[in-house]
Amino acid sequence: MRVARLLAFAALLAALLSTGASPAAAHNVSAGADLRLAQTIAGTELTVVVKGTTRVPGPLRIGIIAYQPVTGLPVALEVRSAEDGRTVTGEAVAAADPRYAELRVERTGPHVLTLGAGGESAVVPFRVLVERGSGAELLIYGGFFVAGVLLVGGLLTGALARPGPAMAVAAGAAAGVTVAAMAIVFEPMVPPGPPDGAAPPVTALAGGGRPYVQERVATEPARPVAGEEFTLRVDLVDGSTGRPVDDLTAHHEALAHLVVTSEDGSYFRHVHPLRTGPGRLEVRLRADRPGRYLAHAELEREDSGGQLLAASFDVHRSGTQSAADDGTGSDANAGKSDSTGSDVGSDAGDSTGSDVSGGAGTGGAVPVVTPAVPVAGRPATIEVDATGPVRPWLGMSGHLIVRDRDGAFLGHVHEMGSPGSRRLRFTFSFPAEGSYLAWVQYALADRIVTVPFTVEVSAQENAR
Ligand SMILES: [Cu+2]
C-alpha cells in the first residue's frame, strides 16, 4: 500500500512538473481569447479582431471594427502558417459592427496575418492555440479506469477463492483510486498545460524582463513637407543585442500607441502604426504646418514592462520641396491648413486628430478640472460629458493624454467611471508646476472624438 501511494505521488509530481511551463501570452488566438489590434491604415482607425479558435483544422474568424466613418472599406486578409507555408486569403469589410470573415486554418502554431487596405499593408505574427486537456484530467480518468479494471479482476479472482493474487489486484485497484482521488484534490493547483501550438517556454530572463528598446525614428521622404502625406517609420532595436525587437505584446489592444504632436500642441494624432517587418512600425501622416513634431510611442515587450519612447522630426515648408519627390499637388496647401486637421488618403472626416481651434470631433463639451488649478503631485479629477453613447476603444471607454509644453513629459491614463456612463471621469496627478496640453479621447458609434484643452498646474504648497 505504501508503495502504491508513493507511486501515486510520483505520478502526480511528474504531472505537475511537466505542465509547469506556461505559454507566452502575446498575439495568441486561443479558445478563450480574441486577438484585438488597433491599426491606423488607409487613413482611418480600425481594430482587427481575430476570434479565438477551439479546433484545427477549422475556421479562423476575423473581423474589422471601424471607428471612423469608412463604410465599406474592404480589408484584404491573408493567413499563412509559418510552419508549412499554407496560405488562405479572404476579405473583411470594416464596419462599426462587422461581419466576420472565416479563413480556414489547418494547424496550430505560428501564423502570419497580412492586412491590406488603401495601398498599405501590415504583417502581424500570431499563434493559433487550441486548449489541450490537462495532465490532471488524464490522471483522474486513467486512475479510475485502472481501478475499475482491477476491481473487476479482483472480484473475479476473489470469487475463485485465491486470496493471494486477489489481494494484490485489490491493492492495485486501491492505488488507481488513490491516484484519481489525489488528482481531483490537487487539480485546481496544477497549472494548465500549454495549449497546442504554444511557443516553447522562454527560459527565465535574468533580472526580470528584456532590455529596453532603442528606437530610431525616420520619415519617408526624409524631408516631409507641410500638407503632404509622409510615412513615419519607427525601427525598434534591442538595447543589448542590437537586433530588431519583434516581441511586442498587444498592450491596450495595439502593438504600439504613437502620439504625434506639434510643439505647440495644435496638431495631435493618436495612431497605431502598422508592423511592416521585424522591429519596424510605420504610419502615414500628414501635417498641415511646418515645424518640429514630437513622437511618443508607448509599447510593451513580452515578459517586460511598458516603455515610453520619445523622438522628434521636422516638417518643412512646402516651398522648399525638391522636384524629385512624388509631386502630388504640393501647391495648394499653404492657405487651407486649418480645415483638414485629419488623416491620410480618405475623406473620413476628422476624429483621431483635431486642431485646438475646434476640429470636427471636438463636440463642444469642455472638460471640467477639479481643482480648477491642480496642485503638482496631487490627484486632480478631469470630467467630460460625451456627446453620445460611448463605445469601448482600445479596451477602455476613455483616454486622457497629457503633455507638458516642451514635450519632455507625456502621461496617459484611462477613464475611471462606470462603464456605459456618458460622463467620462479621469484622475491624473500632474508631475510638476506649469502649463500642460491635454486631450481626452473617446469613441462614439461612428467616430473618435478628441477634446483638446490646457491645464495650469500650481506648485506644491510648502506645508500641509
Ligand atoms: Cu493607442
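Along the sequence shown, residues are numbered consecutively beginning with 1. Remember, predicted model here, so these are calculated numbers, not experimental data. Every number for a ligand or one of its atoms is a count from 1 in the order of the listing.
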Verify the distance criterion only: is there a donor paired with an acceptor across the side chains of Ser458 and Glu433 at less than 3.5 Å? no
Going by atom types only, do Arg405 and Ser435 share a side-chain donor-acceptor pair under 3.5 Å? yes
Is the closest side-chain donor-acceptor distance between Thr231 and Glu282 under 3.5 Å? no
Salt bridge (Lys or Arg N to Asp or Glu O under 4.0 Å) involving Arg80 - partner list, sequence neighbours excluded: none
Out of His257, His252, His270, which residue meets the ring pair (Phe, Tyr, Trp, His ring centres under 6.0 Å) rule with Trp393? His270
Could you walk me through whether Leu437 and Thr261 satisfy the side chain to side chain contact (heavy atoms under 4.5 Å, CB included) test, starting with their C-alpha distance in whole Å, then the side-chain angles of each, then the deciding distance to 0.1 Å, before giving a yes or no? CA-CA 10 Å; Leu437 307 163; Thr261 49; over 6 Å; no
Near the Cu ion (ligand 1), meaning under 2.8 Å, the protein N/O/S atoms are His257 ND1, His270 NE2, His272 NE2
